[in-house]
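Here is the structure we will look at.
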Amino acid sequence: AASLMIALALTLAIEITVRSFRRTFELWMDQAVTADLYLEPAQEGGPPLTPALLSRLRALPAVADLAVLRSRRVLVGEREVLLLALDLPAFARHSAIPAVGLTPAEAFARLEGGALWVSEPLAYPLGLRAGDRLALATPAGPHELPIGAVVQNYSAPQGLLYLSSQRFAALFGPAPPQRAALWLRPGADPAQVRALLERMPELQALQVHPNAALRSDALRIFDRTFAITDVMGALAAFVAFLAVVSALTAQLEERM
């Protein structure tokens with residue numbers, strides 16, 4: 001009985017922990033990954049999105065909003081961290097990345113004012129909080145920026161940094177975008193819009209990813225990462241089974 005209770009407690013603890021992580025990950029995706037379609041180069045270093053192409057995409061009847069996506073790796077001390085540029089106000093209208101102690105509106109207002117967002121995996125090891133200052137390595141040398149918010153995003157173990165696209169361009173130059181996010185109007189079919197985009201000659205070098213596919217891939221990777229927990233649960237049950245069989249065998253031999 002004691003062996004069964006220990007095995008059951010271990011299995012439940014593992015299952016509850018993994019399910020809790022998975023639910024938290026799903027909630028984060030609901031709040032942060034909100035665009036219906038994402039455009040990115042089919043190959044690394046592909047052609048950038050030209051202003052004319054972006055204007056044409058914005059003019060499509062099914063497209064309600066569009067935001068360009070820029071990123072680069074920067075050094076924070078000895079850490080190489082991914083810096084993301086958020087195209088405001090499109091992201092502010094559609095995303096609600098959780099910020100510690102702040103509402104999404106307050107966090108986006110600070111970002112628009114030139115402040116920096118820091119994700120928790122980077123903020124906690126360095127002891128960073130909202131109101132502190134962080135030095136970034138830029139082409140013009142180290143540049144200190146105020147931290148406007150600490151946000152909950154665990155997709156990168158080294159941590160993430162966020163800036164507004166205007167502040168990003170001022171620090172690192174106006175690099176042409178290669179990725180974009182599209183939000184569709186109510187009633188628009190993402191599959192039909194995707195097929196329309198894939199037929200455009202200007203987008204032949206780009207891939208169009210629907211939101212559902214990104215979520216499915218992310219959850220599949222998550223489940224694959226924690227697949228070892230299923231093995232741990234099975235091992236715990238097997239050990240408990242052996243313990244019960246051994247105890248029953250010992251009692252049977254004593255009675256004989």
Side-chain angles (χ1 to χ4, degrees), residues 25 28-29 32-75 80-95 97 111 117 119 136-139 153-185 188-222 224:
F25 185 64
W28 172 80
M29 286 196 296
V33 186
T34 58
D36 297 291
L37 297 172
Y38 291 88
L39 305 178
E40 69 171 5
Q43 296 181 350
E44 191 65 29
L49 300 174
T50 63
L53 177 57
L54 293 175
S55 298
R56 184 178 176 186
L57 292 174
R58 287 190 175 95
L60 292 176
V63 175
D65 221 336
L66 182 147
V68 297
L69 306 174
R70 294 182 177 91
S71 65
R72 67 176 293 155
R73 293 198 171 274
V74 297
L75 288 177
E80 188 180 60
V81 181
L82 184 63
L83 173 63
L84 304 177
L86 298 188
D87 195 0
L88 303 176
F91 272 101
R93 285 194 292 265
H94 301 285
S95 298
I97 300 174
L111 189 70
W117 284 0
S119 69
L136 294 184
T138 69
N153 186 337
Y154 299 94
S155 59
Q158 290 292 326
L160 292 171
L161 297 173
Y162 297 83
L163 276 177
S164 67
S165 57
Q166 293 82 1
R167 190 65 164 160
F168 182 91
L171 292 175
F172 301 99
Q178 291 187 312
R179 296 171 176 81
L182 281 72
W183 290 268
L184 304 183
R185 298 187 184 279
D189 185 359
Q192 293 181 357
V193 177
R194 180 187 182 186
L196 173 64
L197 295 177
E198 290 177 341
R199 289 195 300 268
M200 294 174 61
E202 305 95 318
L203 299 181
Q204 294 303 308
L206 298 176
Q207 290 181 332
V208 184
H209 300 287
N211 183 298
L214 291 176
R215 290 175 60 89
S216 176
D217 290 343
L219 290 175
R220 184 171 64 252
I221 293 173
F222 181 95
R224 187 186 306 163

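Keep in mind that the numbers below use all heavy atoms, side chains included, and drop hydrogens, waters and symmetry copies. Fair warning: this is a prediction, and the values are worked out from it, not measured in the lab.
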Would you name the heavy atoms of R185 and A64 that are closest together and state the gap between them? CG-CB, 3.7 Å
Indicate yes or no for a side-chain donor-acceptor contact from R194 to the backbone of L37 under 3.5 Å, with no hydrogens or angles considered. no
Which pair of non-hydrogen atoms, one from S165 and one from A85, has the smallest distance, and what is that distance? CA-CB, 4.1 Å
Inter-residue atom distance L160.CG - L84.CG, 0.5 Å rounding: 5.5 Å
Between L182 and L39, does the side chain to side chain contact (heavy atoms under 4.5 Å, CB included) criterion hold? Intermediate values first, please. CA-CA 8 Å; L182 281 72; L39 305 178; 3.9 Å; yes
Separation between CG (D36) and NE2 (H209), nearest 0.5 Å, reads 15.0 Å
Rounded distance [0.5 Å steps], CG in D87 versus OG in S164: 9.5 Å
For P139 and F172, the nearest pair of non-hydrogen atoms, with its separation, is CD-CD2, 3.5 Å
Treating Q204 as the side-chain partner and E198 as the backbone partner, does any N or O pair qualify as donor plus acceptor under 3.5 Å? yes
Yes or no on side chain to side chain contact (heavy atoms under 4.5 Å, CB included) for E202 and R56, after CA distance, side-chain angles and deciding distance? CA-CA 10 Å; E202 305 95 318; R56 184 178 176 186; 2.3 Å; yes
Interatomic spacing from CG in L161 to OG in S119 - rounded to 0.5 Å: 7.0 Å
Inter-residue atom distance M200.CE - L57.CG, 0.5 Å rounding: 5.0 Å
Nearest-0.5 Å distance, CG of residue D65 to CG of residue L184: 10.5 Å
Can N211 and Y38 be counted as having a side-chain donor-acceptor contact under 3.5 angstrom? no
Can you name the nearest heavy-atom pair linking E80 to Q158, along with the distance? O-CB, 4.0 Å
Correct closest heavy-atom pair for L66 and R58 would be CD2-NH2, 3.6 Å
Tell me, do N153 and W117 make a side-chain contact under 4.5 Å, heavy atoms counted? no
In terms of relative ring orientation, are H94 and W183 parallel, tilted or perpendicular, with 30° and 60° separating the classes? parallel
